[in-house]
Amino acid sequence: MIRRASPAGQPGAAHGLRLATARRIGVCSDMPRYDAKRIESKWQAFWEAHGTFATPDFPVGEKLYVLDMFPYPSGEGLHVGHPEGYTATDIVCRYNRMRGKTVLHPMGWDAFGLPAEQHAIKTGTHPRETTDRNIATFRRQLKMLGFSYDWSREVATTDPEYFRWTQWIFLKIYDTWFDPDCAWTDAAGKTRCGKGRPISELPIPDAVRAAGPDAVRRYQDERRLAYQYEAPVNWCPALGTVLANEEVIGGVSERGGHPVVRIPLRQWMLRITAYAERLLDDLDSVAWPESIKALQRNWVGKSEGAEVDFPIGGASGDFAAWKATRLQAGFPAEPLDDVLRIYTTRPDTLFGATYMVLAPEHPCVDRLTTPQYRTAVDDYRRQAAMKSDLDRTDLAKEKTGVFTGAFAVNPVNGEQIPIWIADYVLVSYGTGAIMAVPAHDLRDWEFAVRFELPIRPVVAAHDDYQPTKEERALAREVNGRTEFPFAGLGAAINSGEYTGLTTADFKEAITRRLAAEGLGRGAVNYRLRDWLFSRQHFWGEPFPLWHELDASGNPTGLLRTVPEADLPVTLPEMRHFKPHGRPEPPLAEAPPEWLYTTAPDGVPLVRETNTMPQWAGSCWYYLRFIDPRNDAAFIAPDKERAWMPVDLYIGGAEHAVLHLLYSRFWHKVLFDRGCVSGDEPFRRLVNQGMILGEAELTGYQDESGQWVSARQVVDGPDENQPKLNAGTRRPVVAVRLDTRQTTKLGNEFVLEANPEIVVESRAFKMSKSRGNVVNPDQVVANYGADALRLYEMFMGPLEAAKPWSMSGVEGVSRFLARVWRMIADERSDDVRLSDAVSAVPPSADQLRLLHKTIQAVTADIESLSFNTAISRMMEFVNALTAQEPRPRAVLEPFVLLLSPLAPHLAEELWQLLEHTQSLAYEPWPEFDPACVVEHEVEVPVQINGKLRGKIKTPPGADEPTARGLAQADPRIAELLAGKQVVKIVFVSDRLLNFVVR
RNA sequence: GCCGAAGUGGCGGAAUGGCAGACGCAGCGGAUUCAAAAUCCGCCGCCCGUAAAGGGCAUGAGGGUUCGACUCCCUCCUUCGGCACCA
């Protein structure tokens with residue numbers, strides 16, 4: 001091997017140098033240039049062999065629990081989007097270990113899921129096999145990136161030892177009812193109302209108890225947090241299977257495009273709505289982005305109003321008698337058959353109710369419909385049942401509905417009003433019935449105009465009120481006058497004794513009055529629905545439940561739980577995964593020895609064959625990571641108290657609502673049942689932004705090859721149709737363009753050759769079909785894991801969506817190579833320190849640079865501003881590589897600063913700097929304020945706010961000093977000459993501004 | 001429609017009341033090299049000015065507050081995300 005080349009210019013050296021260079025090219029790979037591959041595999045092996053990141057069972061000193069949203073191990077392998085959040089958390093963990101905290105940083109797999117099952121149906125491969133293979137790929141890829149996970153805590157939701165406890169928690173939920181009146185005190189000392197309690201504590205009415213033990217069991221079953229319900233599913237007869245919502249696109253199956261119909265099927269529901277208020281309230285106690293909190297509040301959708309009973313039919317005498325009864329008996333908890341119960345947020349508009357509307361599925365419809373209207377009503381209901389949710393909620397369509405022939409009485413004025421059914425009223429919200437006040441509700445107005453129902457205004461807007469856009473859109477002409485609906489707040493008119501009250505006062509007064517007379521009560525409703533918790537799939541957690549059978553083998557409706565000691569209920573061995581053609585779940589075809597048993601008391605039992613949704617396993621995995629191998633409990637209480645809550649949780653915004661809401665719900669149930677110590681699982685949440693494909697320039701051409709300006713191009717009639725030229729309605733094709741073919745004109749890119757033609761410039765979501773997916777394996781092979789990590793952090797703010805750029809990766813990779821050359825000798829054959837590295841004491845300038853860098857990088861990591869932290873380190877390296885000698889005393893702290901971001905390179909350099917231990921637990925460099933003091937500060941001088949010059953002042957100079965210096969500057973003096981200085985604005989070390997006239 | 005986020009050079013972005021464009025990419029020029037790669041040095045928002053000096057304009061648009069606004073307030077536009085007949 002060649003030793004160092006002779007310095008150029010020495011006699012006889014030229015030839016030797018040339019030779020050396022030529023030979024070096026040939027053997028490049030063993031030369032000590034920055035060799036990411038060698039360094040990274042070396043340190044990954046080191047960390048693994050030494051258990052560097054193993055976390056003790058209990059924290060020593062301050063704890064930090066940093067969690068990534070664990071991935072679904074898809075067959076595609078890791079995507080460059082995954083390492084974005086994972087790198088961010090890894091940096092936080094490595095940094096905090098160096099700050100002396102005990103860090104818990106685990107990883108696992110959300111491994112149940114539809115793709116593995118679909119693959120099984122197609123190929124016969126068991127989903128477990130597919131899943132294990134995919135997990136192996138993901139694990140290899142994550143290890144390749146050098147994340148400091150404690151891999152000994154790895155769990156997969158598909159492990160029987162994991163889902164044993166998922167089933168156990170389900171049983172806990174099943175064993176719980178929600179007592180809305182139970183008062184308790186939270187950690188903050190606030191009195192709260194409403195708590196989950198053991199079903200054994202549910203008060204049983206005497207009448208129920210008298211009816212016998214089965215009646216008691218049924219009574220309890222109706223009140224559990226997990227209950228059964230007939231809910232519509234997507235049944236695809238052609239595929240012979242029930243499809244998940246995401247497998248149905250536009251009313252047909254995603255695979256094959258077969259028609260899908262909605263049929264009711266027995267399902268499991270979780271009563272998340274009972275926790276709506278707490279899920280809403282406790283958002284105030286967590287450090288989450290306001291936008292995510294808003295999304296959750298929106299999703300829960302709380303509204304306040306009143307429930308009011310309208311008696312059915314009724315001549316006036318009956319009405320008076322009914323009112324008298326109600327005055328005596330009060331408002332019943334459940335509506336009786338003689339009334340329709342409605343929910344309204346505007347009880348102040350009761351006097352304007354001119355008709356009522358029931359949802360087509362409302363249970364009273366059959367009973368109310370008169371023979372004359374029977375056919376029309378039945379037809380309408382049948383049509384509504386067939387429609388998908390999408391069709392029913394299409395706002396563009398005209399309102400439809402039919403009259404039932406029945407009437408109800410408005411309880412405030414005794415007026416008879418007709419009862420209609422219409423699909424704009426949803427059975428699942430409120431009471432499934434409304435009073436229609438067309439004058440003050442846009443939907444009711446539209447319906448009333450269409451069916452010529454009376455409209456009676458009962459709220460007056462203030463005099464200069466301008467109708468909103470929507471109100472104007474519904475305007476109608478009556479006798480030459482234009483009338484609008486009015487949905488706002490105002491003062492009551494035509495409302496009897498209430499006339500003149502403001503909307504708010506009226507609401508309060510009438511709600512109180514209705515309650516006093518037994519006609520209504522204040523009520524709260526939520527847009528949130530109970531959680532449909534069962535799926536008709538094989539690859540999910542079985543429910544730990546048995547159904548009792550009667551003598552003829554039919555379910556009695558009574559249930560038995562699988563005893564805790566018999567958990568887990570594992571999936572049966574199946575002969576095949578082909579759909580069996582019935583709507584029942586695939587497990588209905590499980591072998592009889594799995595499906596059936598006989599209880600010790602002789603009652604025959606059949607297993608529940610639905611499985612749990614994918615959300616189940618991810619609802620509590622953050623708890624299992626704390627105690628992953630515990631086979632006596634889902635978590636040991638002392639460990640739970642020591643580590644919870646999660647201090648930082650990073651993941652994609654696509655889980656902003658469902659996963660986070662479901663986890664919070666489970667956690668609250670576990671809290672109520674004394675299984676966990678806190679009522680919120682995730683203290684701080686951050687959503688990383690999506691990584692988009694490389695920016696693309698797209699031009700459009702018509703069939704003749706003529707360019708069409710992007711401004712002329714519109715979407716086709718539906719999403720799958722090609723785009724059209726808006727002028728000619730002819731299709732156009734998209735053409736990828738090179739930057740050289742285009743130029744920027746104003747705000748747009750146009751064709752260089754024809755600036756009339758506007759070109760689209762945009763980064764798209766990465767997708768296989770678009771062909772813009774970046775494979776992390778490839779990036780690591782070409783540039784190394786440190787470069788990938790650093791690039792993902794350098795792209796921009798963590799939370800922003802950012803387009804990928806391969807030349808950007810090259811940029812950070814160049815930076816890493818510069819760091820290497822700053823410390824290592826690149827021209828030597830073996831890995832050794834550069835001759836420039838020296839034990840000399842650093843200069844004041846070097847110390848200032850170092851400490852400014854420490855200060856900035858520390859603050860940036862604390863605020864997750866990794867992009868600017870990297871910029872600061874680049875500045876440091878740019879400054880220092882230009883200097884020789886380079887003092888170790890500034891290089892060593894710099895290596896520590898770099899280590900959370902580029903850990904492999906940092907470890908290698910640390911070792912090169914003659915340290916024998918990993919730097920993972922080296923103390924983080926301390927910033928010394930004394931070192932960053934400048935002896936001179938450059939201060940901008942402004943005249944009337946415009947920059948006119950700069951002066952140098954001592955740090956902390958006062959105004960007279962600065963003013964003196966500025967006035968001594970010839971240019972400033974010239975500009976100030978003959979002007980009157982009215983004011984001087986001075987901020988020490990920052991700015992001096994003369995305000996002149 | 002409602003709720004939320006965002007709009008800054010050719011590109012990613014920096015600066016949250018005080019020098020707009022740090023840092024990086026791309027581009028251009030130079031050094032090194034037989035040549036290239038790699039590396040190093042320099043230039044690099046737009047306009048006026050041959051150039052320099054200097055000046056003007058400029059953070060989606062318009063207005064406002066302020067000595068001073070990318071930053072705060074109001075109105076509007078565009079893009080992205082979520083919800084969408086929830087009474």
- For A:Phe866, the option from A:Asp860, A:Leu790, A:Ile861, A:Thr87 that meets side-chain contact (heavy atoms from CB on, under 4.5 Å): A:Ile861
- Item | Side-chain donor/acceptor contact of A:Lys983 with base of B:rC67 under 3.5 Å | no
- Message: For the P atoms, the ones on B:rC47 and on B:rA52, what distance do you get once it is rounded to whole angstrom?
- Response: 14 Å
- Task: Could you measure between the two C1' atoms, the one in B:rG60 and the one in B:rG56, and give it in whole Å?
- Result: 22 Å
- Query: Does the side chain of A:Asp309 reach to within under 4.5 Å of the side chain of A:Leu340, using non-hydrogen atoms?
  - Reply: no
- Report yes if at least one side-chain N or O of A:Arg821 is closer than 4.0 Å to OP1 or OP2 of B:rC40; otherwise report no. yes
- Task: Under 4.0 Å between any heavy atoms, over every strand shown, what does A:Asn993 touch: base, sugar-phosphate, or nothing? Just pick one.
- Result: base
- Can you tell me if the side-chain N/O atoms of A:Asn687 get under 4.0 Å from OP1 or OP2 in B:rA5? no
- Item | Gap between atoms CZ and C1', on A:Phe866 and B:rG24 respectively (whole Å) | 18 Å
- Base-pairing mate for B:rG7 - Watson-Crick or G-U, with both contacts under 3.5 Å: B:rC77
- Hey, is the side chain of A:Arg818 poking within less than 4.0 Å of OP1 or OP2 on B:rU39, counting only N and O atoms? no
- For the pair made of CD in A:Glu875 and P in B:rG21, what is the distance, rounded to whole Å? 13 Å
- Query: Would you say B:rA84 has OP1 or OP2 under 4.0 Å from some side-chain N or O of A:Arg527?
  - Reply: yes
- Task: State, with a plain yes or no, whether a side-chain heavy atom of A:Lys950 is found less than 4.5 Å away from one of A:Val939.
- Result: no
- Message: Quick check on B:rC85: is either OP1 or OP2 less than 4.0 Å from any side-chain nitrogen or oxygen of A:Arg450?
- Response: no
- Message: Taking B:rA14 as the reference, what is the distance to B:rG1 when you measure between their P atoms (whole Å, please)?
- Response: 31 Å
- Query: Expressed in whole Å, how much space separates the P atoms belonging to B:rC40 and B:rC48?
  - Reply: 35 Å
- Item | Separation of the P atoms in B:rC28 and B:rA37, to the nearest angstrom | 12 Å
- Item | Separation of atom OH in A:Tyr34 from atom C1' in B:rU39, rounded to whole Å | 17 Å
- Validation row: A:Phe815, A:Phe794 side chains within 4.5 angstrom (heavy atoms): no
- Query: With sugar-phosphate meaning primed atoms plus P, OP1 and OP2, does A:Phe749 contact a base, only sugar-phosphate, or nothing at under 4.0 Å between heavy atoms?
  - Reply: sugar-phosphate
- Whichever of A:Thr868 and A:Phe794 has the more 5' nearest nucleotide on RNA chain B, that residue is A:Thr868
- Separation of B:rA87 C1' from A:Asp348 CG (nearest whole Å): 13 Å
- Message: Under 4.0 Å, counting only non-hydrogen atoms across every strand here, what does A:Glu938 touch: a base, just sugar-phosphate, or nothing?
- Response: base
- Message: Quick one, A:Pro360 and A:Tyr380 - any side-chain contact, counting heavy atoms below 4.5 Å?
- Response: yes
- When rounded to the nearest Å, what value does the distance between P atoms of B:rA15 and B:rC72 take? 14 Å
- Query: Quick one: A:Leu816 CG to B:rA38 P, roughly how many Å, whole number?
  - Reply: 16 Å
- Query: Does A:Lys852 have a side-chain nitrogen or oxygen under 4.0 Å from the phosphate oxygens OP1 or OP2 of B:rA22?
  - Reply: no
- Query: What is the distance from CD of A:Glu760 to P of B:rU79, rounded to the nearest Å?
  - Reply: 11 Å
- Any A:Arg971 side-chain N or O less than 4.0 Å from OP1/OP2 of B:rG54: no
- Task: Scan A:Arg814 against the nucleic acid and name what it touches under 4.0 Å (heavy atoms): base, sugar-phosphate only, or nothing.
- Result: sugar-phosphate
- Give A:Asn878 one of three labels, base, sugar-phosphate or nothing, depending on what nucleic acid heavy atoms sit under 4.0 Å from its own. sugar-phosphate
- Below 4.0 angstrom from OP1 or OP2 of B:rC2, is there any side-chain N or O of A:Asn298? no
- Within the structure shown, what part of the strands sits under 4.0 Å from A:Pro797 by heavy-atom distance: base, sugar-phosphate, or nothing? sugar-phosphate
- Query: So, is A:Lys744 close to the B:rC46 phosphate, meaning a side-chain N or O under 4.0 Å from OP1 or OP2?
  - Reply: no
- If you measure from the C1' atom in B:rU59 to the same atom in B:rG17, how many Å do you get, rounded? 15 Å
- Query: Can the ring centroids of A:Trp445 and A:Phe484 be said to lie less than 6.0 angstrom from one another?
  - Reply: no
- Task: Could you tell me which nucleotide pairs with B:rG18 by Watson-Crick or G-U wobble geometry, both distances under 3.5 Å, or answer none if nothing does?
- Result: B:rC67
- Counting Watson-Crick and G-U wobble pairs only, both distances under 3.5 Å, name the nucleotide matched with B:rA31, or none. B:rU39
- Base, sugar-phosphate alone, or nothing: which one does A:Gln942 contact when heavy atoms must sit under 4.0 Å apart? base
- With side chains defined as the heavy atoms from C-beta onward, is the minimum distance between A:Thr431 and A:Glu307 less than 4.5 Å? yes
- Item | Donor-acceptor under 3.5 Å (A:Glu760 side chain, A:Leu697 main chain) | no
- Any A:Ser303 side-chain N or O less than 4.0 Å from OP1/OP2 of B:rA87: yes
- Give the rounded distance in Å between these two atoms: CG of A:Leu991 and P of B:rU66. 18 Å
- Euclidean distance for C1', B:rA38 against B:rU32 (whole angstrom): 11 Å
